[in-house]
Amino acid sequence: MKVIKIGGGSLKGKGAIQDILALIAERGPGHPIVISALSGITDMLIDGMTEALRNDAAIPSIIRRLKNKHILVARHIIPKGKFYQKYTRDLNDHLDQLERLYYGLNFTKEITPKIADVVSSFGERLSADLLASALRSIGLQATYRMPHKIGLITDGKFGDATANLQITARNLQKNLLPLLKKGMIVFVPGFFGVSERGDITTFGRGGSDYSAAVVAAAMDAEILEVWKDVPGYMSADPKFIPEAQLIPFLSYDEAAELSYFGAKILHPRTIEPLRKRKMKLNIAVKDTTNPDAPGSLITFRSPKARSLIKSVAHDTDIAILKIHGSGVGARPGVLARVSSTLTESGINIKSVVTSQTCISLLLAGKDIDKGYHALKGLRPRPYRRLEKVQDVALVGIVGEGLLRRKGIAGRCFTAVAKRSVNIEMISFGPSEVALYFLVRNKNLQKALEAIHSTFFSILPSQETVS
Ligand code: ASP
Ligand code: MG
């Protein structure tokens, strides 16, 4: 069996959705299909909560916008008639529930994690119903099963849940197999599950990839096909390096590293449920606009590649919070206090690099000011000085065996130095398959070209042309 995941980026525009339906009709019968919300809907649901909290008069227009988005697509993909009517009835029911939730949070003047998860899960419910209705209207046997009805069980952590694979496997096999055996097309909304107490819990933004991996592991599938609007993993971002090549094979670890930054093709947690099944479950990243192209295949271990590294990726949404003070790096209590303060402020620490006199925390760009102020407020101060460094980009080179093979780091830094790019900070060692460093934003292009041309033996395009 295979499990198919369809991302929200592909569910954009009536024409594209129609094309995806044709693909599902051809390749989907007998396989569970985990689906995202239509593009932009989850954002609308979440932003709607803040609007609704502030002003209940805004609620009808939030609901209207959501309705219009879905109706616009529904009109195009479901012919007028009983299937269309049924869909719009379901849509109205869902939106009525949602409207009540929005009024509820306005009334209580509070967006609890529990209500936030219920509200944000609506996008996937609406899209699964929409696509199943469209396929039924052309005579196919299609349906959907809500995660909370089929027992996709989580640990109950709102906004960042983890699935209980054992119980979920039992439940999903029982509830989905009979339908799949009949050759039906069965959609499962991604992004959320349900706790044993019955609470809707989401897997975090972008979490429908993780859902798909959970369903694949639970159903004992051989392959998880992730359908996206990109060709697959690339050796670099083609916007920066036009010669970037498709990476045909990656290992779990390589894909996991590349998920944290750079192309972010899969949600970082997608690999987690697969590790338990090791070699048996592979992920194929497929391009919905070019479905017969090979894409990228992610396997437990990847075959030996020609190039030493697989990809040079980057992330510009990065900032450093530097904590200066004598001995900070050696005093474990400091790091604990700092990180618990940041966690309490809802800030995720992407990485930590310490020396004796400085702890450098890598944060997302949007978190830096909040993080700075949270630490400023600490009493007694566990540091001498705090510093924000914003104008930086993270560059990572990723490849199995990177750490074991001699000279790769040397070649990387020599290549970058030759282009007169200064390296601000290096992290090498925490991951077996990746080496990270930071450069100033203005040097990013040069750094990427230097590395890509060194390891992929292609000259930087700009220099050969001009
Ligand atoms: N719709 C959810 C989000 O936008 C989950 C997903 O698409 O993976 O975060
Ligand atoms: Mg999405």
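Note that ligands are numbered from 1 as they come in the structure, with each ligand's atoms numbered from 1 the same way. All values derive from a computational prediction rather than experimental measurement. One is the number of the first residue; the rest follow in order along the sequence.
The closest approach between a heavy atom of G207 and any atom of ligand 1 is below 4.0 Å. Heavy-atom separations between G206 and ligand 1 include at least one value shorter than 4.0 Å.
Considering backbone and side-chain atoms alike, D209 places every N or O at 3.5 Å or more from each N or O of ligand 1.
A pairwise comparison of heavy atoms in I368 and Q390 identifies CG2-NE2, 3.3 Å as the closest pair.
Applying the side chain to side chain donor-acceptor pair (under 3.5 Å) definition to pairs two or more places apart or across chains, those involving residues 265-274 are D160-R269, T162-R269, R269-E272. Among pairs with a residue in residues 222-236, those fulfilling side chain to side chain donor-acceptor pair (under 3.5 Å) read E225-W227, S235-H452, at least two apart in sequence or across chains.
Close approach to R205 involves these atoms of ligand 1, each under 4.0 Å from a residue heavy atom: 3 (C), 4 (O), 9 (O). Each of the following atoms of ligand 1 lies closer than 4.0 Å to a heavy atom of S36: 6 (C), 7 (O), 8 (O). Close approach to E124 involves these atoms of ligand 1, each under 4.0 Å from a residue heavy atom: 1 (N), 2 (C), 5 (C), 6 (C), 7 (O).
Contact annotation for H267 and ligand 1: no heavy atom of the residue comes within less than 4.0 Å of the ligand.
For the pair E400 and R301, the salt-bridge criterion is not met [side-chain N within less than 4.0 Å of a carboxylate O].
Donor-acceptor pairing under 3.5 Å is lacking for the side chains of S251 and D253.
Looking only at distances, a side-chain donor or acceptor of K310 sits under 3.5 Å from a matching main-chain atom of F249.
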